[in-house]
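Got a structure here, written out as structure tokens. Questions coming.
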There are 2 protein chains.
Amino acid sequence: MPKVAKKYDFAVIASDIVIFTIRKNKLNVLLIKMQKEPYRHNYWATPGGLVRPDESVDESARRNLFEKTGVKNVYLEQLYTFGEIGRDPFGRVVSVAYFALIPSDNVRLKTTKEYGNVQWFGIANLPKLAYDHKEIIATAYERLQKKLEYSNIAYSLLPKKFPLSELQKTYEIILKRKLDKRNFRKKILSLDLVKKTNATESGRSNRPAALYEFANKTAQIMSIL
Amino acid sequence: MPKVAKKYDFAVIASDIVIFTIRKNKLNVLLIKMQKEPYRHNYWATPGGLVRPDESVDESARRNLFEKTGVKNVYLEQLYTFGEIGRDPFGRVVSVAYFALIPSDNVRLKTTKEYGNVQWFGIANLPKLAYDHKEIIATAYERLQKKLEYSNIAYSLLPKKFPLSELQKTYEIILKRKLDKRNFRKKILSLDLVKKTNATESGRSNRPAALYEFANKTAQIMSIL
DNA sequence: ACAAAAGTGTTATAAGTACACCCATGG
DNA sequence: CCATGGGTGTACTTATAACACTTTTGT
């Protein structure tokens, strides 16, 4: 990537993907360990790479995410474009950042020799980050919080069937605040966001929860909180 | 622009600016007449141009807007990045689109020999548009409508002092719907969005309106409608 | 005196928030 | 029978929506 920028002395375009999931009651971000100087010493970065001339920027984001981490079939949307001059020490790279979500039960990671390894990090325990990726992740996190409140994208963080309490927990983890159980259920049900399946959760020492599924797994704007 | 893209056969980055104002009770967009094939015959485009290696993408947007139209000191924010492969017939150009607002009393246009002329168009009467600029303008218009409802950016469309009815008219024109005068005033005043000056409007054959000014001319998120 | 826009409150409806107990299961 | 999370309704408060007349000026 840097070589290209230096060689032509023109800005080139990369895509970077901030992918979130919920694991162990924490919001997690997927990062790749850097191998190159000056970032070789324990710096990490979001998956990404140069945009090729024969692919759209969106396609580039999907391809880079898959090639570098093995993750596919995710909710993906453009986040913001980071275009400050000094953001990449190797050359003039403008990055179109994307924001992605995946259910935790769906993840299969990959390790490439180019990047060393790939790992989930809790949003509250991020390692040292290369480039301006700290800022990119912060922007993505803000977007996630806002978007949970005014859209149905939570569908892309949960498994196919889930108890309502798990949906509520997802909201609470991401928004970092407690929600009232009755009001939450009332709202979710009145919006017809989910519908009951006839399955229930079992094997735990309490009343079994009814399992729900999302009524519509396409992104929609709606006021949830 | 196209020459560069062809020469290196790599994606290059441009910025495009969709600038809005209100003129004659209509929402207007500033466009520049195209001179090059295949767009020479009455196609228009938003102001923009290549991002230089020594400027950030934001700076590029401001510079291009000023150089091509003479417009400066505007509200400017990043809108969306358009990265489809075929969007520019000359080569692989990814465009970072910006969204700008200016009060109509503030506009001074410029004509350059490169672009021929520069002109305001009513949003409902746009000419043929080059590249994917029709889509870019549509995206900007959606952003403007939403942002009027949840932020104070209207401050950048109005002159320093204005009657409340003009603020209301601005909302009505952009949102394409009538608002209730009493409810609108109540809301605006209760938010302390504006404060009364001791000036009044005169010279018209009706009761003179009190003139208001915005309490805070920095962008802020607040629920207005 | 008339035309034209400014200015001003009240009521009804809807949405949001706060809050506590019983239920079904596993161990 | 106890611990655990599941499941349910009502009262209060706040925000939104609907609606009509009087005031001030210029001509």
Side-chain angles (χ1 to χ4, degrees), chain A residues 22 24-25 145-146 148-152 154 158-159 161-173 175-213 221-225, chain B residues 22 24-25 145-146 148-152 154 158-159 161-173 175-213 221-225:
Chain A
I22 303 277
K24 301 177 196 150
N25 293 329
Q145 289 185 316
K146 284 182 196 146
L148 265 198
E149 301 205 326
Y150 70 80
S151 84
N152 65 341
L158 290 163
K161 297 181 180 184
F162 51 89
L164 282 186
S165 60
E166 194 180 335
L167 179 59
Q168 181 177 344
K169 208 166 58 184
T170 299
Y171 271 82
E172 291 178 337
I173 290 166
L175 300 179
K176 290 199 277 201
R177 59 181 224 255
K178 277 277 171 202
L179 299 173
D180 180 272
K181 181 168 43 158
R182 279 175 291 192
N183 294 339
F184 183 79
R185 294 166 84 100
K186 204 187 312 176
K187 194 64 196 281
I188 296 298
L189 293 171
S190 75
L191 290 168
D192 291 317
L193 194 68
V194 297
K195 55 187 184 201
K196 211 177 218 165
T197 67
N198 36 26
T200 54
E201 207 185 26
S202 63
R204 284 217 311 276
S205 66
N206 54 27
R207 177 171 173 177
L211 295 179
Y212 288 77
E213 60 191 354
I221 303 302
M222 49 173 76
S223 169
I224 297 198
L225 292 186
Chain B
I22 303 276
K24 301 177 196 150
N25 293 329
Q145 289 185 316
K146 283 181 196 144
L148 264 198
E149 300 205 327
Y150 70 79
S151 84
N152 65 341
L158 290 163
K161 295 181 182 184
F162 54 88
L164 282 186
S165 60
E166 194 180 334
L167 178 59
Q168 182 176 343
K169 208 164 60 185
T170 298
Y171 271 81
E172 290 178 335
I173 290 166
L175 300 179
K176 291 199 275 200
R177 59 180 223 255
K178 277 278 169 201
L179 299 173
D180 180 272
K181 181 168 43 157
R182 280 173 292 190
N183 292 339
F184 182 79
R185 293 176 161 245
K186 204 185 311 173
K187 194 68 195 279
I188 297 297
L189 293 172
S190 75
L191 290 168
D192 292 316
L193 194 67
V194 296
K195 56 186 182 200
K196 211 179 217 165
T197 67
N198 36 25
T200 55
E201 208 184 25
S202 63
R204 284 216 313 276
S205 65
N206 54 28
R207 176 171 174 176
L211 295 178
Y212 288 77
E213 60 190 355
I221 303 303
M222 50 173 77
S223 168
I224 297 198
L225 291 187

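Naming: A, B, ... by sequence-line order, numbering from 1 per chain.
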### Task
Kindly say whether, by distance alone, the side chain of A/Lys187 makes a donor-acceptor pair under 3.5 Å with the base of C/dG16?
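Flag unset: no donor-acceptor pair detected.
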### Query
Hey, does B/Ser165 reach any base, or is it just sugar-phosphate, or nothing, if we go heavy atoms under 4.0 Å?
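Sugar-phosphate: the residue B/Ser165, judged by heavy atoms under 4.0 Å, touches backbone atoms but no base.
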### Atom-to-atom span, OH of B/Tyr150 to C1' of D/dT16 - whole angstrom
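That distance rounds to 21 Å.
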### Query
Where the side chain of B/Asp180 is concerned, which of C/dC23, D/dC19, C/dT25 is the nearest nucleotide?
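Comparing C/dC23, D/dC19, C/dT25 against the side chain of B/Asp180, the answer is D/dC19.
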### Message
As a test of reading the structure: which of C/dT25, C/dA5, D/dG7 is closest to the side chain of A/Arg185, going by heavy atoms?
### Response
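From the listed options, D/dG7 comes nearest.
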### Length of the CD-P vector between A/Glu149 and C/dG16, whole Å
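So the two atoms are 12 Å apart, to the nearest Å.
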### Task
Quickly work out the B/Glu201 CD to D/dT24 C1' distance and round it to whole Å.
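Distance, rounded to whole Å: 13 Å.
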### Query
Minimum heavy-atom separation for B/Tyr171 to B/Ala154, with atom names?
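The answer is CE1-CB, 3.9 Å.
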### Message
Between C1' on D/dA20 and NZ on B/Lys186, what's the gap in Å once rounded to a whole number?
### Response
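Interatomic distance, NZ of B/Lys186 to C1' of D/dA20: 14 Å.
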### Message
Can you identify which nucleotide, out of C/dT8, D/dG9, D/dA18, has its nearest atom closest to the A/Arg182 side chain?
### Response
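Of the candidates, D/dG9 comes closest.
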#### Entry: Side-chain donor or acceptor of B/Glu201 paired with backbone N/O of B/Leu211 under 3.5 Å
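No, because the side chain of B/Glu201 does not come within donor-acceptor range (under 3.5 Å) of the backbone of B/Leu211.
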#### Entry: Under 3.5 Å donor-acceptor pair, A/Lys181 side-chain atoms to C/dT17 base atoms
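No, no donor-acceptor pair under 3.5 Å.
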### Message
Determine whether A/Leu193 and A/Tyr212 satisfy the following criterion, side-chain contact (heavy atoms from CB on, under 4.5 Å), listing intermediate values before the conclusion.
### Response
CA-CA 10 Å; A/Leu193 194 68; A/Tyr212 288 77; over 6 Å; no
### Message
Nearest to the side chain of B/Ser223, heavy atoms from C-beta on, is which of D/dT4, C/dT8, D/dT16?
### Response
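Nearest to the side-chain atoms of B/Ser223, counting from C-beta on, is D/dT16.
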### Task
Would you mind reading off the distance between B/Arg177 atom CZ and D/dT16 atom P, rounded to a whole angstrom?
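Taking atom P of D/dT16 as the reference, CZ of B/Arg177 is at 12 Å.
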### Query
In whole Å, what is the span from the CZ atom of A/Phe162 to the C1' atom of D/dG6?
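Checked: the CZ to C1' distance equals 16 Å.
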### Task
Indicate the atoms forming the closest heavy-atom contact of A/Leu191 with A/Met222, along with that distance.
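Closest pair (atom of A/Leu191, atom of A/Met222, distance): CD1-SD, 4.5 Å.
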### Query
For DNA chain D, whose closest nucleotide is more 5', that of A/Asn183 or that of A/Ala209?
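Residue closer to the 5' terminus by nearest nucleotide: A/Ala209.
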### Query
What integer distance in Å separates A/Arg207:CZ from D/dG6:P?
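One finds 10 Å between P of D/dG6 and CZ of A/Arg207, rounded.
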### Task
Examine the base of C/dT17 for any acceptor or donor lying under 3.5 Å from a partner atom in the side chain of A/Lys178, and report the outcome as yes or no.
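Result: no qualifying N/O pair found.
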### Task
To the nearest 0.5 angstrom, please state how far the CG atom of B/Leu175 sits from the CG atom of B/Leu225.
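Between B/Leu175 CG and B/Leu225 CG, I get 6.5 Å after rounding to 0.5 Å.
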### Message
If you only use heavy atoms from C-beta on, which nucleotide in D/dG5, D/dT8, D/dG26 is closest to the side chain of B/Ser205?
### Response
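For the B/Ser205 side chain, the nearest candidate turns out to be D/dG26.
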### Query
Over how many whole Å does the gap from A/Gln168 atom CD to D/dG7 atom P extend?
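After rounding, the reported distance stands at 11 Å.
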### Query
At under 4.0 Å between heavy atoms, what does A/Arg204 touch on the DNA or RNA strands: base, sugar-phosphate, or nothing?
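The answer is sugar-phosphate, as A/Arg204 gets under 4.0 Å only of primed atoms, P, OP1 or OP2.
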